[in-house]
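Given the structure is predicted, the values throughout are model-derived calculations rather than measurements. Letters A, B, ... are given to chains in the order of the sequence lines, protein chains preceding strands, and every chain is numbered from 1.
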Amino acid sequence: MSHATLIDLWFVLTAGLLFLHIGLGSIDLGVCTLSLITPDKDSETLLGSIDTIWHANQTWLVVLGGTLFGAFPVIYSEVLSRLYGLVIVLLAMLAMRGIGLEYRHHAANPRRSRLFAGCGALAAIVAEGLILGTLIVGAPAPGSRLAGLSALIRPEVLPTVLFLIFTALLTAGAWLLKELDDEHPLRPMARRSMMAGAVGVLAFATYICRQMLAAWRIDAAELHGLYMSLAAVAFAALVLMTVSMQKSWRGSQVPWALVVVGVALAACAGTARFAMQTPGAADFAASREALVFLTWTSALLLPPLIAFQIFQYRLQRRGADVSTTESGGQEPSAGPE
Amino acid sequence: MEHLLTDHILLSRIQFALTTMFHIIWPALTIGLSIFIFAAELAWVKTGNIEWRRQARFWTKFFLLAFAMGVISGVPLEFQFGTNWSRFSVASGNFLGQILSVETMSGFMLESIFLYFMVAGWKRLSPGMHLFSTGMVALGASISAFWIMVANSWMQTPSGGGRMVDGVYQVTDRLAAIFNPDIFASFPHMWLACLTSTAFIICGVSAWHILRHRHSEFYLRAFKAGVAAALFFSLLQAFTGDLSGRTVARYQPAKLAATEAFWETNKPGEGAAWSIFAWPDTEAERNYVELRIPFVLSILATHDPFGRVTGLKDIPEDERPPITLIFYSFRIMVFTGTLMIIVALWAVWTWYKGRLTPIHAARQRKLMKFFIWLAPFSIIAIWTGWIMREVGRQPWIIYGLLRTDDASSPLTAGAVSISLGYFALAAVFFITLFCVFSVRILRKGPETDQAPDEPESGRPT
């Protein structure tokens, strides 16, 4: 395979990992955020539903970071060093969320821990939105005094923040519909969250693509075919998501929610890839030999990992109540002691 | 002090050191505990003794706390290569990036996914499948450690290429880069350090409870298993330490000379002496005071009493690492390691004499107190070992190829000061939180671990 083909392949794979990170990670970030607006007795139910999945979901961020470093070391180093302040805030908020989530079982005041988890998750979504938004509208110069925190006062990055918030609402809503009993009082909230999330995700993805086209001076007609195909897939996913809410369907809404997120990210990634088709693109990527090594190792490692994670979700779906009853309040799925 | 506030490279180094020292506690614990839990579960599956199942389930709770800390503290480490060391990331991008990528995919991810089965699968999976899941968690943790050590050892002895083109290291032989000379010594040394320190932590925690007559039988079983592991691994560790020392002598003579505050290269027919204690004067290029044992340094470095050891005076001044810090770090590590072997031998002797029974164990106060103190010191030994390893590589970040001063990101000192302040506060906060919650779990003891319908005895079905 030529270097150019490998760069294309790794662009697609990195976008795929971004999808896994945002799609799966936003389930638990969204559930933590929703726990902020639910009564105390219900917020524990919400957080309990993600106890056993958040480690693996957050690990996709680590895999994404490692892959970006492995495939595009120049982009990795430029983005992280120019947006230093925002990256540190993101890491701090993820840590705050993790501490709140993991340690609430043992805390004397579980309410405070839940607040930690919720606020940390919301702030992490905002920080990540600011990072991605800044990449679209233009990162600050290296060594800037504000270390990338100037994004906080740039209104043009707001659509990306809102896009991630709606993604979290969409996936978390779909997850909770799967996890909660048919008669659970939080189901209407989960349904509203999912539907509002779906509309918001598609609306803001459209706006962000327009932003990218304008910022990088691309003629929309060049990408007409891609956008139309994705719109058709998004429409089909929305229909299936709506139909799957019927009691007779008995299926999960999570896959359809993930398709909607995937379509939105594919539109953004496709636009970005079109903009990057310049002769100097190879300067951002690792050498051909390095990419060949990465391709072989990933071909070997990623499929079983994804298969195991699907198995994990299926097992969770089959008997979410088992771990709660067996753990007696000691293991992560259990309630507070 | 002014230098500390204005030098963003120094601040970035302190930040990386702080976050690494905080992070390394948790992988050390999770690597060791996952293997301990696997061994306990295996004993239960093989013998049907329910006590081993209780051990496995109880220590899993402790494992989870450590694992969560590992996830939380590990993410910033990976991103700091880009945030604070962007020029290093570009220079090493053709090798280090792929290694870290493989590490997250092979080790960390394996551990994270199978952790779910390990924690929530006690009833959903058969004992054999559960044992397999625990084994996968243990394997994932150790694989992760292997790749991290590949990355670090390559920075110590860069191989598989050797040329920098436009500031980027060109790798021509990836296998040679992975299996660089340092990895054969550093990975077993670090892996055994994780197992040894975990064994001493299990013993320390158990000793604390035995002395207070809390859940004595349960903790005595853990204590004995820990003692057996502690002795076995600490003796093996002495051999890998020797291997590590000879690798340093061969490939990083400046590090060896600085670690030993050794100034003059020994002449043919003369052995190099080892200093138990010294106070180096870098200006005068000599030691103010020192207590030396003849020939020992030659023997340690080359296995020959007259083996040649390069002195600091034969190394250019701008290629010498800081001396005092690594001189004492190394000695703290070695003395702690030696003490660990002695105390483990003492415990085995006491056990052999039949004094480690539920009735007699609490009377072994001195022995128990030694173990309680050695629990934190086992982590200090890991820290000091890493200080010697990393500070000893200075002024290089990739040994002999890229200087640390040329590897940083273009950041302001103010930005790094703020992030360093945050990381320092977070480390104190998180470690306090871990200690508070660990004490709660450990005080409650094993009873709370038992599910209402858990059988009292019998083989797993």
Side-chain angles (χ1 to χ4, degrees), chain A residues 52-53 55-56 58-59 61-63 65-71 73-74 76-81 84-85 87-88 91-92 94-95 98-99 102-103 106-107 142-145 147 286-287 289-290 293-294 297-298 301-302 305 308-309 312 315-316 319 322-323 326-333, chain B residues 61 64-65 67-68 71-76 78-79 81-84 86-87 89-90 93-98 100-106 108-110 112-117 119-120 122-124 170-171 174 409-412 414-415 419 422 426 430 433 437 440-441 448-452:
Chain A
T52 47
I53 59 160
H55 301 105
Q58 184 158 310
T59 307
L61 173 66
V62 184
V63 176
T67 305
L68 196 61
F69 188 7
V74 176
Y76 169 85
S77 57
E78 285 290 316
V79 168
L80 293 182
S81 60
Y84 186 78
V87 175
I88 298 294
L91 297 175
L94 284 175
I99 286 289
E102 195 66 34
Y103 284 66
H106 311 286
S144 71
R145 286 185 69 81
S287 68
E289 292 71 27
F293 173 76
L294 202 56
T297 47
S298 306
L301 297 169
L302 273 181
L305 285 179
F308 275 128
Q309 195 159 23
Q312 177 188 348
L315 203 69
Q316 165 98 0
V322 180
S323 59
E326 81 161 78
S327 61
Q330 299 309 309
E331 287 165 354
S333 324
Chain B
K61 286 187 284 182
L64 271 175
L65 288 185
F67 185 82
V71 173
I72 290 162
S73 60
V75 180
E78 187 202 32
F79 284 91
F81 289 116
T83 52
N84 294 66
S86 60
R87 281 181 279 187
S89 302
V90 173
N94 279 335
F95 179 68
L96 214 64
Q98 295 88 54
L100 289 182
S101 187
V102 171
E103 185 265 330
T104 53
M105 280 189 267
S106 60
F108 196 22
M109 202 73 208
L110 194 70
S112 297
I113 290 174
F114 276 97
L115 180 71
Y116 169 77
F117 302 119
V119 171
W122 283 103
K123 285 202 169 175
R124 265 183 263 186
Q170 304 298 316
V171 179
R174 212 154 286 275
S409 302
L411 296 169
T412 61
S419 60
Y422 156 70
F430 290 159
L433 213 59
F437 290 143
R440 275 186 201 168
I441 288 177
T448 52
D449 185 44
Q450 194 174 355

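Your options are B:Thr83, B:Ile72, B:Leu100, and the one with the most heavy-atom pairs under 4.5 Å with chain A is B:Thr83. Between chain A and the options B:Ser409, B:Ser89, B:Gly93, B:Ser419, heavy-atom pairs under 4.5 Å are most frequent for B:Ser89. No other option in A:Gly98, A:Ala92, A:Ala71 has as many heavy-atom pairs under 4.5 Å with chain B as A:Ala92. Here A:Leu91 is the residue among A:Leu94, A:Leu91, A:Thr297, A:Leu302 with the most heavy-atom pairs under 4.5 Å with chain B.
Using a 4.5 Å cut-off between heavy atoms, A:Leu301 contacts chain B through its side chain alone, with no backbone atom that close. Only the side chain of B:Phe430 comes within less than 4.5 Å of a heavy atom of chain A; its backbone N, CA, C and O stay farther away. In this structure, the portions of A:Ser287 lying under 4.5 Å from any heavy atom of chain B include both its backbone and its side chain. With a 4.5 Å cut-off on non-hydrogen atoms, B:Tyr422 touches chain A through its side chain but not through its backbone. Both the backbone and the side chain of A:Val63 come within less than 4.5 Å of a heavy atom in chain B. In this structure, chain B has no heavy atom under 4.5 Å from any part of A:Leu68.
Between A:Ala286 and A:Gly70, the shortest heavy-atom contact is CB-O, 3.3 Å. Closest non-hydrogen pair, A:Leu80 versus B:Gly82, comes out as CB-C, 3.5 Å. Closest non-hydrogen pair, A:Tyr76 versus B:Glu78, comes out as OH-O, 2.5 Å.
Under the side-chain hydrogen bond (donor to acceptor under 3.5 Å, both in side chains) criterion, A:Ser77 pairs with no residue, sequence neighbours left out.
Put simply, the side chain of B:Gln98 never gets that close to the backbone of A:Leu294: no donor and acceptor are under 3.5 Å apart.
Taking the side chain as every heavy atom from C-beta outward, A:Val62 and B:Phe79 never approach each other to under 4.5 Å.
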Step by step, work out the side chain to side chain contact (heavy atoms under 4.5 Å, CB included) result for A:Val79 and A:Val87. CA-CA 9 Å; A:Val79 168; A:Val87 175; 5.9 Å; no
